[in-house]
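Working notes, structure below.
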Amino acid sequence: SKITSTSKDLITDDGSVLVSVIHGEQTRLDIVLSWLTNLTGYSISAKVVEGNNTQGAGAKPTDPQPGGAIVLLPIIDTTPSDNQFEIVIPQTIIDTWSTTPEPDQPIYGFIGLQVADGGTGDNQQIWKPLRGLLEVRYSPTEAS
């Protein structure tokens, strides 16, 4: 076949995700890395970047908010010798964002997870097994 025929993806994944939370809710995402059995020596980080939520009422953004907030999410890994951990979505996730959700008008950020082994330079592997949108929906208990 032609060199430009892309018929098979050699590195596959499930694609992007939508994580929906309520403003003021604090929750955890349980993550299991099926291709690993032991996370000892691996570094794990997760971030949310504020989306440009000025593109229309409740519309999903297509780019980050210029100068917007970047939030490092806490990781809880009580047993590093297995392949499971939790990502914490804190109740304060949007406290520094430029907009807040309204009824029927959620706001969004871009969420991503990075897992890196203990190698250095060309000997290190870095995976990005989760990426997508974090949707924050309105809650009357957060109204001031």
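Count residues from 1 along the sequence. In what follows, every heavy atom counts, from backbone to side chain, and hydrogens, waters and symmetry copies are set aside.
Residue Thr27 holds its OG1 atom at 7.5 Å from CD1 of Ile89, rounded to the nearest 0.5 Å. Atoms CG and CG, on Leu33 and Leu113 in that order, are 7.0 Å from each other to the nearest 0.5 Å. To the nearest 0.5 Å, the span separating CZ on Phe110 from CG on Asp63 amounts to 6.5 Å.
For Glu142 against His23, the heavy-atom pair with the smallest separation is CG-O, 3.1 Å. Nearest heavy-atom pair, Pro101 versus Ile107, reported as atom, atom and distance to 0.1 Å: CD-CD1, 3.8 Å.
Formation of a donor-acceptor pair under 3.5 Å by the Gln124 side chain with backbone atoms of Asp117 is found in this model. No donor-acceptor distance shorter than 3.5 angstrom exists from the side chain of Asn83 to the backbone of Val32, with no hydrogens or angles considered. Although no hydrogens or angles enter the test, the distance criterion places a donor-acceptor pair under 3.5 Å between the side chain of Gln26 and the main chain of Gln91. For the pair Gln105 (side chain) and Glu102 (backbone), a donor-acceptor distance under 3.5 Å is absent. With Asp95 contributing its side chain and Ile93 its backbone, the two residues share no donor-acceptor pair below 3.5 Å.
Transitive grouping of hydrophobic side chains (ILVMFWY, heavy atoms separated by less than 4.5 Å) keeps Val49 and Ile111 in distinct clusters. A continuous path of ILVMFWY side-chain contacts below 4.5 Å connects Leu29 to Leu36, so both sit in one hydrophobic cluster.
The side chain to side chain contact (heavy atoms under 4.5 Å, CB included) test with Glu50 is passed by exactly one of Pro66, Ser98, Pro64: Ser98.
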